[in-house]
Q: 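Below is the structure I would like to discuss, written out as C-alpha cells.
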Amino acid sequence: MSFINQLNSVQQNAAKQVEGPVMIVAGAGSGKTRVLTYRVAYLLSIGVPPYQLLVLTFTNKAADEMKKRIVSLVGDKSASAWIGTFHSMFARLLRYESEHIGYGKNFSIYDTDDSLGLIKNIQHDLEISAQSFKPNAIRARISSAKNKLVSPDQFEIIAKDIFEEKTALIFKEYQKRLKQNNAMDFDDLLLKPIELFERHPKILSKYQDRFRFILVDEYQDTNRAQYKLIKMIAGKYKNICIVGDDAQSIYGFRGADIRNILDFEKDFPEAKIFHLEQNYRSTQTILTAADQVIKNNVNRIEKTLWTDNPKGEPISVLSCQSDTDESEKVAANIKKAILKYKIDFLNIAILYRTNAQSRSIEDALRRSGIPYLIIGGIEFYKRKEIKDVIAYLRLIVNPKDDISFQRIVNYPVRGIGDVTVNHLKAVAEECKCSFFEAVDFVTEAKGISKNAIEKLKQFRKLIQKFIDLKTILSASELSRSLVDDIGILKEFKEEGTVESLSRMENVHELLSAITEFSEKNENGGLEAFLQEVSLVADVDQLDDKHNAVTLMTVHSAKGLEYDVVFIMGLEEGLFPIFQAIQSTNEVEEERRLFYVGMTRCMRKLYLSYAYSRYRMGELTYPNPSRFMKEIKDDLYIYENGALRKESGFNKELDFFDRPIKSQVPFKKLKNYSEKKVVVQHFRNYESQSQVAEELHVGSVVRHSTFGKGRILQLNGNGDETRAVIDFENAGRKQLMLKYAALEVL
DNA sequence: ATTAGGCGATTTTTT
DNA sequence: ATCGCCTAAT
C-alpha cells in the first residue's frame with residue numbers, strides 16, 4: 001500500500017475513511033481526483049471486490065481520466081468496477097432492468113434534438129402553436145421539471161401561466177410517447193431508475209447489496225434526481241463518498257442544485273467531512289488572481305486555498321482589435337510559449353465560452369501550422385449524415401422508435417412526403433402501434449395513393465431485411481451493408497462538393513468506429529454501440545498520442561489541467577454571456593466558470609479580449625469583461641503593444657483606464673443617475689452621433705411606441721449604434737439609435 | 001405530392 | 001452562419 005504515502009495527511013485520511021458517509025470539500029487543484037483514485041485503490045487493496053464499486057462522474061472525460069489513473073495504480077483488476085457518468089452507468093443498469101418498468105431492453109436514447117422533434121410532433125398533434133409556444137422553450141422547461149423531480153401531474157397542478165399549462169399538456173403526452181417509442185431522454189436515464197427502485201424495492205435492495213461503496217465526483221454539479229438516486233443506493237450501507245467544490249459549480253442551467261451539499265449533511269448526519277485546501281497545481285500568481293475574481297461572488301462558502309508553489313509568471317493580457325486579431329495573437333503566443341517554457345503543444349489549452357468561437361482560432365492555428373484538437377463543438381455524432389445512419393440503426397434495433405422512423409422514412413428521398421407520413425401517423429394512432437407496424441395496416445381506403453403505399457411497404461421491407469440480418473451479421477457487417485444498400489455514399493460522391501466529400505468521410509469514420517467498438521468490446525453489439533454514441537459526446541478525444549493544442553469550452557475543461565492556458569473572448573456579453581448579465585445568480589455562475597478556467601492552469605495564463613467580434617453573422621463591439629477588472633493590476637502584464645501601436649487606438653482608450661462600470665446588471669442600477677458613465681465609442685469619434693453622447697447604459701428613456709424603458713447595453717458606434725432596452729411594458733428590444741428617436745428622461 | 005429556393009428567426013454551457 | 005418554415009415551381 002505504498003501508494004498511499006504519495007498523499008498528504010488530510011488526503012490520506014480522506015482516502016482511508018472508507019466506511020460511512022464522507023464529504024470531501026476539495027478546492028481547485030487540491031488533488032481531488034487523486035484522492036478518489038487512491039481511495040479506489042485502497043478499497044481494492046483491503047480486499048473489496050471491484051464489482052462492489054460504483055464511481056460516478058459528471059462528464060465522460062472525467063470518467064476516462066479516472067479509469068486511466070486507477071488502472072495505472074492497480075492494473076486491470078478494477079475492470080469490473082462501474083466507473084462512468086451518471087447517465088451511462090444508469091443506462092447500463094436500465095439495460096438489465098427496464099422490463100420491470102415497461103420498457104424493452106432495446107430502448108432508444110433520445111438526445112436533445114430527438115426530444116425536440118418529438119415535442120414538435122406533439123405540438124402539431126395537440127394543435128399548440130409552435131409560434132406562440134417555442135418548442136425549444138418547452139423542451140427546456142420539461143427538462144428542468146424532470147431535473148427537479150417534478151412529474152407531469154405535479155407540473156400540471158403548479159402551472160402558473162398559460163405557457164406552463166400548455167407545457168403541462170405537452171409534458172404528459174411527451175412521456176407517454178417516449179414510452180410508446182420505447183425511448184428515454186437524458187433525464188429519463190436518471191428518473192427511470194428512481195421509478196424502478198420505488199416500484200421494486202427488491203431490485204433496489206439488489207443494487208444496494210451490490211454497490212457497497214459509492215463515490216461521487218463533482219458533487220456540486222448533481223441535480224435532485226442524481227442526489228435521490230445515490231441516496232437510495234447508498235441507503236443501506238451508507239458507504240458513500242462525495243467530492244465537490246461549491247466554487248466550481250457551473251451546471252446550474254442543467255439543474256445542479258446547491259441544496260444537495262446542504263442536504264447531504266442533513267441526510268447523513270454522521271458524515272465525516274474533510275477539507276482539501278492546499279493547491280498543488282497552480283502558481284501563486286494564478287491562484288491569487290483566481291481568488292480575487294471569485295471573491296466577488298456574494299454567494300459562496302469562504303475558503304482559503306493556499307499553495308507552496310512559486311509565484312511564477314505574471315498573467316499575460318492580450319488586448320486585441322478583432323476576433324481575427326485575437327486568434328492570431330494567441331497563435332503567435334503559443335509559438336513563443338513553447339520556446340520559452342520548453343513545453344509541447346499538448347501542454348497547452350485554449351478555452352472559450354461558446355463553441356462558436358472555435359472557428360476563428362482554428363483558422364489561425366492552421367495558418368500558423370500549429371496542430372490542434374477540438375473537444376466538443378459540432379460533435380461528430382450530431383452531424384446530419386451521422387444522425388441519419390444512426391437513425392437507421394436505431395430503427396433496426398428498436399422498430400418502435402417513431403422519431404427515427406420519421407427521420408429516415410424519406411431519406412434518401414424515396415417519394416414519401418409529409419402527406420403520406422401523416423396518413424401513416426393516423427393509422428398508427430388508430431391501431432395503437434408504431435409507425436413501422438402501421439405500414440401493414442395502410443390501405444387505399446385511408447386515402448393514401450397506391451403508389452405511396454407501395455413505397456412505404458418497400459421501406460418496411462428494407463428495414464425488416466436488416467432486422468433479420470441482425471441475427472446473423474456482426475454490428476460492423478450489418479452497418480456496412482446497410483450504408484451500401486441505402487446508397488448515401490454514392491449520393492455524396494455524385495454531389496462532389498467539398499462538403500459532401502467530408503460527409504462521405506464522416507460516414508466512413510462512423511463505420512470504422514462501429515468496427516473498432518465491436519472489436520474492443522466483447523459484447524459490442526449494435527445496441528451497446530448505440531448506447532455509447534448517445535452518451536459519448538466527444539468521440540476519440542484527448543488521447544495523448546497526438547501532440548496538439550487542445551481547444552474546448554471552459555465547461556469541458558473542468559477537471560483538466562495544462563501548463564499553459566489561454567482563455568479567449570473575455571468580453572461583456574460573451575463571458576459573462578449576454579443572457580446571464582441581468583441576473584446576479586447567473587453572473588455568479590459565469591464567474592465560477594471563469595474561476596474554473598483560470599484554475600486549470602499550472603504555470604502561465606493568458607487572457608484575451610477583442611474590441612470587435614463577429615457574432616450571429618454581424619459585427620459587434622463588445623467591452624472587455626468585468627472579470628478582467630477584478631484581477632489586481634500587479635498580477636498581469638500586456639503581452640503585446642499592439643493596442644498602442646496600431647492606428648485607431650491610443651493609450652487613453654485602453655479599457656483599464658476607462659470608467660469601470662460601463663455594464664452593470666440591471667437590478668443594480670437603481671440609483672444610477674448619480675453615477676453616469678460615458679459609453680465608449682472609441683473607434684470613430686467623428687461619426688459619433690449626438691444622441692449617443694447623451695445615452696448611457698442605465699439611462700431611462702422613452703420611445704414613441706414602446707414607452708418607458710432602461711438601456712441595458714449599447715453596441716456599435718456612430719450611425720450603427722444599437723441599444724438594448726428593457727421596456728416596462730414592451731419587454732426587451734434592440735433598437736438602432738438613428739431610427740429610434742429616444743427621449744432621455 | 002415533392003422539392004428547391006428564399007426568408008426570417010435564432011445560438012450558452014452538457015449528458 | 002445556420003436552421004427551419006413557407007411559398008412557388010416541378
Side-chain angles (χ1 to χ4, degrees), chain A residues 56-63 84-91 109-117 120 124 129-131 134-137 140 143 146-147 184-191 218 221-223 225-226 249-256 351-357 359-360 375-379 381-384 410-423 447-449 451-452 455 499 531-538 552-559 569 573-581 586 589-590 592-594 596-597 614-619 734:
Chain A
L56 298 170
T57 64
F58 212 66
T59 62
N60 291 300
K61 251 185 291 200
T85 63
F86 271 92
H87 290 84
S88 61
M89 292 302 99
F90 287 102
I109 297 173
Y110 282 178
D111 68 15
T112 312
D113 281 347
D114 302 320
S115 298
L116 189 65
K120 282 179 184 164
H124 180 81
S129 152
Q131 298 273 302
K134 293 272 173 340
N136 242 324
S143 175
K146 290 173 88 167
N147 283 164
M184 300 196 199
D185 66 11
F186 286 143
D187 303 319
D188 282 338
L189 295 178
L190 305 173
L191 294 177
E218 307 285 9
D221 288 326
T222 53
N223 62 30
Q226 288 163 323
S249 162
I250 55 174
Y251 284 98
F253 71 95
R254 218 175 89 178
L351 310 183
Y352 34 76
R353 179 63 179 82
T354 65
N355 281 309
Q357 286 166 259
R359 179 159 295 182
S360 111
I375 307 278
I378 316 139
E379 289 149 26
Y381 289 110
K382 288 212 174 122
R383 289 176 198 164
K384 186 185 174 304
N410 199 30
Y411 178 85
V413 177
R414 46 173 79 87
I416 304 173
D418 285 347
V419 177
T420 310
V421 171
N422 279 332
H423 281 302
I448 310 173
S449 75
N451 199 359
K455 283 172 175 157
E499 169 116 28
Q531 171 168 324
E532 186 94 349
V533 273
S534 316
L535 297 173
V536 175
D538 330 299
M552 61 193 145
T553 63
V554 191
H555 279 92
S556 308
K558 194 160 73 153
L574 185 58
F575 201 175
I577 197 98
F578 177 67
Q579 290 90 333
I581 280 181
E586 287 181 49
E589 179 151 316
E590 294 286 304
R592 289 193 294 272
L593 186 58
F594 183 48
V596 167
Y614 274 98
R615 284 189 78 190
M616 294 171 218
E618 68 172 327
L619 198 55
Q734 180 160 175

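Naming convention: chains lettered A, B, ... in sequence-line order (proteins, then strands); numbering from 1 in each chain.
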Q: If you compare every side-chain N and O of A:Thr85 against the phosphate oxygens of B:dT14 (OP1, OP2), does one of them come in below 4.0 Å?
A: no

Q: Ignoring backbone atoms, test whether A:Asn223 places a side-chain nitrogen or oxygen under 4.0 Å from the OP1 or OP2 oxygen of B:dT15.
A: no

Q: Checking only heavy atoms, does the side chain of A:Thr112 share a donor-acceptor pair with the base of B:dT15 at less than 3.5 Å?
A: yes

Q: Ignoring the backbone of A:His555, work out which of B:dT15, B:dT13, B:dT10 is nearest its side chain.
A: B:dT13

Q: With nearest nucleotide decided by heavy atoms, which residue, A:Ile416 or A:Ile577, maps closer to the 5′ end of DNA chain B?
A: A:Ile416

Q: State which of B:dT12, B:dT2, B:dT15 makes the closest approach to the side chain of A:Glu590.
A: B:dT12

Q: Could you check how far CZ of A:Arg353 sits from P of B:dT12, rounded to whole Å?
A: 9 Å

Q: Can you tell me how far C1' of B:dT14 sits from CD of A:Gln226, to the nearest Å?
A: 11 Å

Q: Under a 3.5 Å threshold, yes or no: a donor from one side chain and an acceptor from the other, between A:Asp185 and A:Ser115?
A: no

Q: Nearest-Å distance, CZ (A:Arg254) to P (B:dT13)?
A: 13 Å

Q: Measure the distance from CZ on A:Arg359 to P on C:dT2 and round it to the nearest whole Å.
A: 5 Å

Q: Quick one: is A:Ser556 getting a side-chain N or O under 4.0 Å of the B:dT14 phosphate, OP1 or OP2?
A: yes

Q: Do A:Leu574 and A:Arg615 come within less than 4.5 Å of each other through their side chains, counting heavy atoms only?
A: yes

Q: A:Gln579 CD to B:dT10 P: how many Å, rounded?
A: 13 Å

Q: Output the rounded distance in Å from CD (A:Glu532) to C1' (B:dT15).
A: 13 Å

Q: Report the residues that fulfil ring-ring contact (aromatic ring centres under 6.0 Å, His included) with A:Phe594, sequence neighbours left out, ordered by chain and then residue number.
A: A:Phe575, A:Phe627

Q: Working to the nearest 0.5 Å, report the span between CD of A:Gln579 and CZ of A:Phe253.
A: 12.0 Å

Q: Considering heavy-atom distances to DNA chain B, does A:Tyr251 or A:Lys134 have its closest nucleotide positioned more toward the 5' end?
A: A:Lys134

Q: Rounded at 0.5 Å granularity, tell me how far NE2 in A:His555 sits from CZ in A:Arg353.
A: 5.0 Å

Q: Check every strand shown and say whether A:Phe86 touches a base, only sugar-phosphate, or nothing at a heavy-atom separation below 4.0 Å.
A: nothing

Q: Does the ring of A:Phe253 meet both stacking tests against the six-membered base ring of B:dT13: centre distance under 5.5 Å and plane angle under 30°?
A: yes

Q: Can you measure A:Asp113 atom CG to C:dG4 atom C1' for me and round it to whole angstrom units?
A: 12 Å

Q: Just checking A:Lys384: base, sugar-phosphate only, or nothing, at a heavy-atom cut-off of under 4.0 Å?
A: nothing

Q: Under 4.0 Å: is that the gap between some side-chain N or O of A:Asn355 and OP1 or OP2 of B:dT13?
A: yes

Q: Go through the structure and list residues passing ring-ring contact (aromatic ring centres under 6.0 Å, His included) with A:Tyr614, not counting sequence neighbours.
A: none

Q: Could you state the CG-C1' distance from A:Asp187 to B:dT15, rounded to the nearest angstrom?
A: 9 Å

Q: For a quick test of reading the model: is some side-chain N or O of A:Lys120 closer than 4.0 Å to OP1 or OP2 of C:dG4?
A: no

Q: A:Asn451 near the nucleic acid: base, sugar-phosphate alone, or nothing, with a heavy-atom cut-off under 4.0 Å?
A: nothing

